[in-house]
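Here the structure is laid out as structure tokens; the discussion comes afterwards.
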Amino acid sequence: MVGDGHRAAGTSLRAAQDEAGVPPGIWKGQGLAAVGLVAGDVVTERQAELLLGEGRHPDADRIESELLAQGKNPARARRATVLGRPIEHNRSPKTDKAKERIPWLGLHLVFRPPPTAHIAWALMGHEIRLVLELCQDIARDKTLAWLEDAVAQIRWKGGGKHRAGVRDGLIVAVFRHYESRAAESKPLLHDHAMVSIRARRPDEKGTWGNLSADTMLAHIVAADTLYVLTFMEEVSARLGWAWEPREVTPGRRPVMEISGIDQRLIGWQSTRRQQIEDALPVLTAKYEEKHGHAPGERAAYALGCQAADRTRPPKRTELLSLTELRKRWRDSAIRAYGVDVVDRLAQRARAAAAAVWARVRPVVDIALAAVDVVAVVYVMRGAFKRHHLLAEARRHLAYVLRGRPHQAGLDEQIVQTAVDDYTRPASRRTMTADLRALYPRDTEDQAVLRPLTRKRSAPPYERARLAADALAARVHAVRRAERLGSRARPLTVSVSAASRSRPFRSGRKDGRRLEPETGVDTVEQTRRTFEAAARLAARLQDGKRERAVAHGPRPQSAPATPPPPHTQQPGTQHTPGRTTGGVA
């Protein structure tokens, strides 16, 4: 609640927040009306202690005092302020594992934009900083609203085994922080959202209970992708910037970054990540010595968490406001890379956006998107659930649209197409890719994806991209045959060791761009290329007219009779995704 500052004994919460340079927390969520709160109200220390620490009403002191004044029993008066089951009932005096019996009282969610957004927020002007903070607010609130409406469930009946939607919504306390925990303070705009696990059941009495924590945690990745997609769209709509993929770790999914931001500034800002990576080889070597093999995906994640804990620096003792922090960050960046790099950040972002929009056509092909999503999730997981497809569909939209807005419900439409056309049940709760649907006539090609699921010499995401490229090539081949009016012949799509878009790689190269970097020089080169192409086209047109004057016009064949309106040529079908714009 006070950021990374230190709160002296006897200091009020608001004074400690002012000294630490962080704003006070605010309440969010649709369930605030049930406890007499309003969205945007400041989170007081007593409210947080009662709701998030004891599972009681935020105004429990007043309620308890009124009941005692009416002559109620103290135990009954206290019980009336408890939302749901009291914590005391979960304690066991006969065991030393009492802490394990205390239920969860909150979920901690962190909303953090991509690194280049931190750089723009910290080093650009005051107006851009306010716009980026507004984009952060909108993306965070939309993600919380989706969790409330589509994900949140409450335990109900049958000993808590049944689930039902919450009656009102969630109660969330949001705290905004401005810097990272690096040894030298670095910009890191992020929000901590403490979600109370107490919610009302959808019954007539509106009784209180506990949220299904496993349901919330299962949809965390889908919520993360929705937040990033919404933040990208808000930034592009308000500032006119575009986004490009950047590979942070070889073989892992790329992250979307603001195009035109100098990549050296990402290393300047991400010093905390470098500290973790420096400690990770030692832990990995100890793991290999103990177990006799390299760590897998889960073990590597656990080692990363261990490295983060061991390298965590102490909290900052110097108290600085946001204005002072921004001045310090700007001076540090200028000392490292020069004033020209810092002052031209906004100009380069606008020029790079123009180059991106000239190169990338933001059109979503639902059929190809469904094939891409199924291939990636199948190779990464084998058996999967709907929320896995939803998270990958939102990643696909972020990559294809580059910040352009998408129609509401388009991610769900892609998932529904994938479920209906390209999946089959794998168990009672999971599904898997239907290879017969992906290759309906060529039985020999149904084994294209199987070797990729077993090939351990390459990272999982590399294999997933190869599978997606192979299936996309198959779809394009079928469409090409249909457009030409010929019978689609069996076509074998071979998966080579080197992919045109994302090849297998060996060695380490952090921060590699998956596309050419766009900037002022790239825009100028594109302009010169367009002018040269226009001059060449003009010369060709002049030569054609000179030949017509010298030799006369060529005889033309009789035009073919056009087909009647509202009919199609024989042997052709409407090709999905071939439109002039929008969503196909």
Pair V419-V374, side-chain contact (heavy atoms from CB on, under 4.5 Å): steps then yes or no: CA-CA 9 Å; V419 171; V374 168; over 6 Å; no
Qualifying ring-ring contact (aromatic ring centres under 6.0 Å, His included) pairs, either residue in residues 120-146, two or more places apart: W121-Y178, W121-W329
E324/R328 salt bridge by N-O under 4.0 Å criterion: no
H396 side chain to V373 backbone, donor-acceptor under 3.5 Å: no
Side chain to side chain, R129 and R326, heavy atoms closer than 4.5 Å: yes
L188 backbone acceptor or donor facing E179 side chain under 3.5 Å: no
Qualifying residues under side chain to side chain donor-acceptor pair (under 3.5 Å), relative to D340, sequence neighbours excluded: none
Q30 backbone acceptor or donor facing E148 side chain under 3.5 Å: yes
Pair E392-R253, salt bridge (charged side-chain N to carboxylate O under 4.0 Å, His left out): steps then yes or no: CA-CA 11 Å; E392 193 61 37; R253 287 185 175 91; 3.1 Å; yes
Residues forming a side-chain contact (heavy atoms from CB on, under 4.5 Å) with D434, sequence neighbours excluded: R424, R436, A437
Nearest-0.5 Å distance that lies between atom CG in L401 and atom CZ in R361: 12.5 Å
Salt bridge (charged side-chain N to carboxylate O under 4.0 Å, His left out) assessment of K28 paired with D141: CA-CA 8 Å; K28 291 287 183 179; D141 293 345; 3.5 Å; yes
Reported CD-to-CG distance for the pair Q416 and D411, which is rounded to 0.5 angstrom: 12.0 Å
M232 vs C135, side-chain contact (heavy atoms from CB on, under 4.5 Å): CA-CA, chis, key distance, verdict: CA-CA 9 Å; M232 290 172 53; C135 296; over 6 Å; no
Contact check, side chains of L130 and L134, non-hydrogen atoms, under 4.5 Å: no
Derivation of the side-chain contact (heavy atoms from CB on, under 4.5 Å) call for F384 and L389: CA-CA 8 Å; F384 45 85; L389 296 175; 3.8 Å; yes
Any donor-acceptor pair under 3.5 Å from T423 side chain to M431 backbone: no
L471 CG to D372 CG distance, which is reported to the nearest 0.5 Å: 9.0 Å
Side chain proximity check, R246 to M256, heavy atoms < 4.5 angstrom: no
S259 versus E244, side-chain donor and acceptor atoms under 3.5 Å: no
Pair R402 + E233: basic N to acidic O under 4.0 Å: no
G260 backbone acceptor or donor facing R348 side chain under 3.5 Å: yes
Listed partners of S236 passing side chain to side chain donor-acceptor pair (under 3.5 Å), at least two apart: W243
R176 side chain vs P23 backbone, donor-acceptor pair below 3.5 Å: no
side-chain contact (heavy atoms from CB on, under 4.5 Å) involving D331 - partner list, sequence neighbours excluded: K327, R335
For Y227, all residues meeting ring-ring contact (aromatic ring centres under 6.0 Å, His included), sequence neighbours excluded: F111
Contacts of type ring-ring contact (aromatic ring centres under 6.0 Å, His included), residue H190, not counting sequence neighbours: H177, H192
Heavy-atom donor-acceptor pair, Y337 side chain to R264 backbone, under 3.5 Å: yes
Expected output: side-chain Q136 to main-chain L189 donor-acceptor under 3.5 Å: no
Partner residues of D343 under the side-chain contact (heavy atoms from CB on, under 4.5 Å) criterion, sequence neighbours left out: R330, V339
Interatomic spacing from OG1 in T215 to CD1 in I220 - rounded to 0.5 Å: 11.0 Å
Side chain to side chain donor-acceptor pair (under 3.5 Å) partners for R140, two or more places apart: D137, D191
side-chain contact (heavy atoms from CB on, under 4.5 Å) between I414 and L390, worked out: CA-CA 8 Å; I414 294 174; L390 182 60; over 6 Å; no
Sidechain-backbone polar pair: E257 side chain, T116 backbone, donor-acceptor under 3.5 Å: yes
H406: ring-ring contact (aromatic ring centres under 6.0 Å, His included) partners, not counting sequence neighbours: none
Residue list, side-chain contact (heavy atoms from CB on, under 4.5 Å) with V221, at least two apart or on another chain: A391, R395
Salt bridge (charged side-chain N to carboxylate O under 4.0 Å, His left out) pairs, two or more places apart, involving residues 373-391: R386-E412
Sub-4.5 Å side-chain heavy-atom contact between V43 and F175: yes
Exam field: side chain R394 to backbone V228, donor-acceptor pair closer than 3.5 Å: no
Distance (rounded to the nearest 0.5 Å) between R252 CZ and E462 CD: 11.5 Å
Rounded distance [0.5 Å steps], CD in E127 versus CG in L132: 11.5 Å
